[in-house]
Amino acid sequence: MLERIVAWREAHISDRQFILVLSFFVGLFSAVAALALHSLIHGIEELLTSGFDFQSSNWLYLLFPVVGIYLTALFVKYVVKDNISHGITRILYAISRKKSRLPRHHTWTSVVASALTIGFGGSVGAEAPIVLTGSAIGSNLGRLFRMDGKTLMLLVGCGASAAIAGIFKAPIAGLVFTIEVLMIDLTMASLVPILIASVTATCFTYFFVGADVLFHFTLDDSWQIERVPPSILLGIACGLVSLYFIRMMTACEGFFGRLKHSFYARLLIGGLLLSALIFFFPSLYGEGYSSIDILLNGKNDSDWDALMGNSLFYGQQHLLLLYVALVLFTKVFATSATNGAGGCGGTFAPSLFIGAFAGFLFARLWNINSVGPLVPEKNFALLGMAGVMAGVMHAPLTGIFLIAELTGGYQLFVPLIIVSVSAYLTIIIFEPHSIYGMRLAREGKLITHHTDRSVLTLMSLESIIDRHYESTREDVSLAQLVHTFSHSQSSILPVLDDAGTLLGEIDFTKIRHIVFRTELYHHFTVAQIMTQPAATLFIDDPMEQVMGIFEKTNALQLPVIDTDHHLVGYITRTRLYTMYRQMVADFSTD
């Protein structure tokens with residue numbers, strides 16, 4: 001049946017038209033997935049915490065997060081049987097190394113796992129799992145109808161943009177997120193499908209849940225030109241907070257990574273750390289969006305009591321700044337502990353959370369010290385969200401448009417730009433890549449907007465290796481070597497031992513002075529005349545490095561070996577450059 005549908009489609013609908021159809025359904029399915037996840041999270045959270053005494057601490061905060069992480073870990077271990085953490089990093093890896101192919105289970109497993117983690121109190125966000133889900137929907141829908149690799153990449157971008165648009169009702173933010181974070185270049189061929197997916201997801205979200213927004217914000221104090229200096233300083237502060245977030249997350253990931261083979265050790269250390277932090281600072285429970293809402297609308301002591309509700313700080317307004325600072329400091333540990341212990345969630349929501357707390361803290365300290373014109377704390381909490389997001393993700397446009405669309409705060413568009421750009425310019429001094437891309441960048445596997453590097457990243461070393469070769473051994477006589485050359489298609493013969501280890505090579509052009517002297521055939525062996533190759537390539541070498549080695553050595557062909565130095569095959573300069581030119585042409589075509 002599917003074969004006939006595909007055949008009919010290919011005969012009657014062009015690829016470009018069909019991509020628009022697919023982008024619509026990607027947007028629809030991504031919106032449904034986002035709604036399902038948030039409904040599950042809020043349902044679980046309401047079920048567990050609805051009876052808590054607001055004015056005192058609750059001991060169940062010590063239990064729920066551990067239970068949620070344990071259930072998530074069991075689900076991943078026995079049902080998923082695959083790694084579903086670091087959702088956006090996984091998308092970037094699929095684009096650069098898997099031809100934009102994401103496993104089918106990603107269309108639903110991240111929803112279940114993150115719902116269990118966050119609903120029970122895991123201090124992470126639902127955005128990265130939903131972006132992974134939306135991208136997987138796009139990838140698998142494209143594979144179902146046998147679309148090519150370039151189209152799959154576009155559909156992955158459609159799914160990601162639709163997920164962001166569906167969660168936040170922010171179609172422009174979804175578009176710029178795909179461009180800035182996933183590094184999918186914006187051309188006329190990609191603009192329309194991504195916009196269709198984003199707008200479709202936004203419209204269906206409005207249809208499902210109405211016009212209610214995630215964060216309520218009312219502008220009481222419009223921006224003034226006198227606030228440019230504090231806005232710039234806030235951006236710099238957000239950049240430094242982003243640096244703290246990235247560096248500390250990386251360190252914590254490294255710590256839990258060393259415990260990856262000890263399931264219960266990770267659960268015990270991560271679960272206990274998370275539970276203890278949530279017990280003392282309940283604002284760390286789940287996504288923390290209710291706390292952000294308070295910071296964006298708080299005006300009096302009852303609002304600050306609500307912020308510190310369920311904690312030992314309740315009713316002590318004089319400790320508000322200490323509480324905000326401690327929550328800001330410990331959020332990164334709560335997020336790291338959640339994922340490190342076996343939970344599933346992203347850093348999207350934590351960056352918004354930390355940004356709001358950082359912006360509020362900056363504004364309150366600025367006003368207390370009276371170092372300049374007073375600034376509205378709620379406005380700076382909003383600006384801080386954009387600033388930290390811009391720094392953590394290296395995505396200033398995403399921060400600007402997401403916050404503007406999310407809150408309707410377009411009246412603050414100028415300060416949003418100032419803070420986001422200042423934060424971005426600060427963070428890139430210390431970290432050249434986003435929290436999502438830094439892992440892949442270290443391995444040379446990150447797609448960028450630099451066309452040459454992107455093409456080299458997308459090229460597959462495996463696809464250009466010639467594995468068919470004649471070889472010889474070092475004890476072979478010159479006579480036998482000449483006989484082997486007579487059957488070979490190459491001018492170079494590798495010299496291997498019995499285990500297939502590369503010992504050297506025989507280059508026909510270098511032994512011509514003795515090849516035609518038959519009286520020497522029994523006087524020389526391969527061991528006496530073999531030479532070492534100009535360079536050797538390893539099977540996992542990034543293509544940018546491979547291209548650089550060819551340029552440096554000016555070799556016509558080079559051997560590829562594995563980690564045990566066994567010969568895999570040869571790469572020829574001609575084949576490498578032919579594929580490179582073809583991919584540049586494909587990459588540049590709208």
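Values reported hereafter were calculated over all heavy atoms of this structure, with side chains retained and with hydrogens, waters and symmetry mates removed.
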query = Please walk me through it: do E253 and T250 pass side-chain hydrogen bond (donor to acceptor under 3.5 Å, both in side chains)?
reply = CA-CA 5 Å; E253 283 180 5; T250 303; 5.4 Å; no
task = Using atom types as modelled and distance alone, determine if a side-chain donor or acceptor of D466 lies under 3.5 Å from a backbone N or O of T572.
result = no
inquiry  = Assess the residue pair D82 and H106 against the criterion (side chain to side chain contact (heavy atoms under 4.5 Å, CB included)); give the C-alpha distance rounded to whole Å, side-chain angles, the decisive distance to 0.1 Å, and a yes or no.
reply    = CA-CA 10 Å; D82 189 15; H106 280 316; 4.3 Å; yes
request  = Would you confirm whether R143, through its side chain, and L102, through its main-chain N or O, come within 3.5 Å as a donor-acceptor pair?
outcome  = yes
query = Is there a donor-acceptor contact under 3.5 Å from the side chain of D562 to the main chain of D564?
reply = yes
Side chain to side chain contact (heavy atoms under 4.5 Å, CB included) evaluation trace for T347 with F245 = CA-CA 10 Å; T347 56; F245 185 84; 4.0 Å; yes
request  = Could you check K81 against V76 for side chain to side chain contact (heavy atoms under 4.5 Å, CB included), going step by step and ending with a plain yes or no?
outcome  = CA-CA 6 Å; K81 299 178 181 178; V76 172; over 6 Å; no
request  = Indicate whether any N or O donor in one side chain lies under 3.5 Å from an N or O acceptor in the other, for S123 and T338.
outcome  = no
task = Please tell me if the side chains of K331 and M248 come closer than 4.5 Å, counting only heavy atoms from C-beta onward.
result = no
request  = Locate the shortest heavy-atom distance separating L175 from S198; write the atom from each residue and the value.
outcome  = N-OG, 4.1 Å
ask   = What is the minimum heavy-atom distance between C158 and V26, and which atoms define it?
value = C-CG1, 3.9 Å
message = Within the structure provided, determine whether D475 and T525 are in side-chain contact (heavy-atom separation under 4.5 Å).
response = no
inquiry  = As an exercise, state the distance from CD1 of I549 to CD1 of I571, rounded to the nearest 0.5 Å.
reply    = 9.5 Å
ask   = Taking the side chain from T335 and the backbone from V332, do they hold a donor-acceptor pair closer than 3.5 Å?
value = no
task = Give a yes or no on whether the ring-centroid distance for H565 and F538 is below 6.0 angstrom.
result = yes
ask   = In Å and rounded to the nearest 0.5 Å, what is the CZ to CG distance from R104 to L144?
value = 8.0 Å
inquiry  = A side-chain contact here means heavy atoms from C-beta on lying under 4.5 Å apart; do V568 and L537 qualify?
reply    = no
message = Using 0.5 Å steps for rounding, measure from the CD1 atom of I19 to the CD1 atom of I196.
response = 10.5 Å
key: Flag, side chain of E180 to backbone of L397, donor-acceptor distance under 3.5 Å   = yes
query = Please walk me through it: do T117 and T72 pass side-chain hydrogen bond (donor to acceptor under 3.5 Å, both in side chains)?
reply = CA-CA 6 Å; T117 299; T72 302; 2.9 Å; yes
key: F329 backbone acceptor or donor facing Y244 side chain under 3.5 Å   = yes
ask   = Which atom names give the shortest non-hydrogen contact between P559 and L567, and what distance separates them?
value = CB-CD1, 3.8 Å
ask   = Between the main-chain N or O of Q17 and the side-chain N or O of S14, is there a donor-acceptor pair closer than 3.5 Å?
value = yes
remark   = Between the OG atom in S471 and the CG atom in L493, the distance rounded to the nearest 0.5 Å is 8.0 Å
query = Do you know the tightest heavy-atom contact between A337 and L273?
reply = CB-CD2, 3.9 Å
task = Answer yes or no: is there a side-chain heavy-atom contact under 4.5 Å between L558 and Y570?
result = no
ask   = Is there side-chain contact between F255 and S336, with at least one heavy-atom pair below 4.5 Å?
value = no
note = What one should report as the nearest heavy-atom pair of I137 and T107 is N-CG2, 3.8 Å
query = Donor-acceptor pair, S351 side chain versus F348 backbone, under 3.5 Å?
reply = yes
query = Is the closest side-chain heavy-atom distance between I506 and I529 below 4.5 Å?
reply = yes
query = Does the pair D148 and K150 meet the rule for a salt bridge (charged side-chain N to carboxylate O under 4.0 Å, His left out), with working shown?
reply = CA-CA 6 Å; D148 59 35; K150 190 176 181 182; over 6 Å; no
query = Is a side-chain N or O of E431 found less than 3.5 angstrom from the main chain of G391, in a donor-acceptor match?
reply = no
ask   = Tell me, do I492 and Q557 make a side-chain contact under 4.5 Å, heavy atoms counted?
value = yes
inquiry  = Let's go through I194 and S23 carefully: what are the C-alpha distance in whole Å and the side-chain angles of both, what is the deciding distance for side chain to side chain contact (heavy atoms under 4.5 Å, CB included) to 0.1 Å, and is it a yes or a no?
reply    = CA-CA 7 Å; I194 292 175; S23 64; over 6 Å; no
inquiry  = Any non-hydrogen side-chain atom of T151 less than 4.5 Å from a side-chain atom of F18?
reply    = no
query = Has the side chain of S114 got a donor or acceptor atom that lies under 3.5 Å from a matching backbone atom of P129?
reply = no
